[in-house]
There are 2 protein chains.
Amino acid sequence: MDGTRWLDEREMRAWRGFLAASALVNRHLDQQLKDDSGLSHPQYEILVRLAAAPDGELRMTELANGLINSKSGLTYQVTQMEKAGLVRRRSCPSDVRGVFAVLTDAGRARLEAAAPGHVTAVREVLVDVLTPAQLDALADGLGEVSRRLREQGG
Amino acid sequence: MDGTRWLDEREMRAWRGFLAASALVNRHLDQQLKDDSGLSHPQYEILVRLAAAPDGELRMTELANGLINSKSGLTYQVTQMEKAGLVRRRSCPSDVRGVFAVLTDAGRARLEAAAPGHVTAVREVLVDVLTPAQLDALADGLGEVSRRLREQGG
DNA sequence: CACGAGTTGTTCGAATTTGAATCAATGGTT
DNA sequence: AACCATTGATTCAAATTCGAACAACTCGTG
């Protein structure tokens with residue numbers, strides 16, 4: 001007995017497209033960032049999130065949530081970035097266990113230097129390839145997909 | 001002077017959605033596969049591609065193309081899978097350098113055992129979350145994105 | 001105040017990934 | 001036949017990833 005609902009052709013095309021694009025786009029952008037700014041994609045994302053946060057700082061846990069990395073992976077990356085002078089650690093006054101990752105001036109400068117090339121690459125491989133309707137479908141559909149996975153996992 | 005065309009809100013939502021979904025879906029499915037069948041996502045993909053190929057075999061290079069892994073990563077995975085009895089290597093008669101990865105009976109059985117749970121998970125987190133229109137947008141849009149990255153890189 | 005459950009971030013070991021270097025073999029050209 | 005640029009796959013060291021175990025701490029409850 002096999003009650004599995006297999007994917008029909010439309011579904012399979014969507015799934016394969018998503019899977020392939022996911023791998024290829026990530027790969028391409030990681031390469032572009034490394035060549036262009038010496039940052040890995042995860043590191044770039046950390047800088048972006050910090051830059052968007054008030055005072056350019058976030059708790060390690062907040063940074064780990066909704067990010068590619070696991071907790072330990074984040075510890076590793078922040079350590080690397082601290083060595084490179086892009087962020088520094090600050091312990092939380094109200095909770096001794098807590099640690100803030102703080103964007104340094106050098107980190108902000110590095111992000112601003114990297115951003116134009118990165119955005120251009122994102123346009124090239126994804127955004128400018130899609131129609132407005134497809135952009136909306138991605139935003140709505142994949143936004144919902146992410147939302148569900150986030151709250152299920154959290 | 002800054003001629004960068006930054007992303008507007010619609011574009012940013014699409015990009016963020018894609019990025020987050022890409023990471024979260026991959027992560028979730030890798031976890032599901034490991035728990036359920038002891039296969040990593042890359043390994044599962046290798047089995048799928050081999051199963052779809054004539055005689056269940058492909059050259060290493062063919063297998064590496066359009067796959068997540070680099071060449072050396074593929075060598076590693078195939079070695080692991082060979083140890084596990086899921087594939088075997090066969091040298092190419094017409095080109096001594098060439099190597100085929102061949103799906104074994106055990107490999108095919110393992111794939112068939114893993115597939116229902118995997119497809120169900122793919123539905124749960126992605127396919128059944130999207131509307132038919134969104135599925136088509138993913139298939140068309142991301143299909144085109146992948147196609148371009150493939151031929152650009154190859 | 002003492003206790004215990006839950007949280008926070010790090011450390012640890014193992015597995016995986018990558019790019020560069022390597023080795024061997026092919027094919028075309030002279 | 002000799003040469004040389006390419007190709008196919010592996011090996012190697014280094015970087016990165018993950019989960020599990022850990023240590024330190026907070027908070028609510030008794």
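Lettering follows sequence order; numbering is per chain, from 1.
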Worksheet item: With a cut-off of 6.0 Å (strictly less than), are more than 12 heavy atoms of other residues, nucleotides or ligands near CG of A:Asp8?
Response: yes

Worksheet item: Can you give the first and last nucleotides of DNA chain D, 5' to 3', that have an atom under 4.0 Å from a heavy atom of chain A?
Response: D:dA15 to D:dT26

Discussion item. Using heavy-atom distances to pick each residue's nearest nucleotide on DNA chain C, tell me which of A:Leu74 and A:Arg97 is more 5'.
Written reply: A:Arg97

Worksheet, complete the sentence: Of B:Ser72 and B:Val96, the one whose nearest nucleotide on DNA chain C sits closer to the 5' end is B:Ser72

OP1 or OP2 of [N] versus the side-chain N and O atoms of [X]: is any pair under 4.0 Å?
| X | N | value |
| --- | --- | --- |
| A:Gln31 | C:dT18 | no |
| B:Tyr76 | C:dT16 | yes |
| A:Arg89 | C:dT10 | yes |

Spatial distance of atom [atom1] ([X]) from atom [atom2] ([Y]) [nearest 0.5 Å]:
| X | Y | atom1 | atom2 | answer |
| --- | --- | --- | --- | --- |
| A:Asp140 | B:Thr131 | CG | OG1 | 8.5 Å |
| A:Ser37 | A:Glu112 | OG | CD | 13.0 Å |
| A:Glu57 | A:Arg90 | CD | CZ | 4.0 Å |

Worksheet item: 5'-most contact on DNA chain D: A:Gln77 or A:Asp95, nearest heavy atom basis?
Response: A:Gln77

Quick one: [X] [atom1] to [N] [atom2], roughly how many Å, whole number?
| X | N | atom1 | atom2 | result |
| --- | --- | --- | --- | --- |
| A:Asn26 | C:dT17 | CG | C1' | 14 Å |
| A:Asp35 | C:dT18 | CG | P | 15 Å |
| A:Glu82 | C:dT10 | CD | P | 9 Å |
| B:Met81 | C:dT16 | CE | C1' | 14 Å |
| B:Lys71 | C:dT16 | NZ | C1' | 18 Å |

Discussion item. Can you confirm whether or not the ring centre of A:His118 sits under 6.0 Å from the ring centre of A:His41?
Written reply: yes

Response to the item:
Here the pair of heavy atoms bringing B:Leu50 nearest to B:Ala101 is CD2-O, 3.4 Å

Worksheet item: Touch check for A:Gly98, heavy atoms < 4.0 angstrom, all strands: base, sugar-phosphate only, or nothing?
Response: sugar-phosphate

Discussion item. Between A:Arg49 and A:Glu45, does any NZ, NE, NH1 or NH2 come within less than 4.0 Å of an OD or OE carboxylate oxygen?
Written reply: no

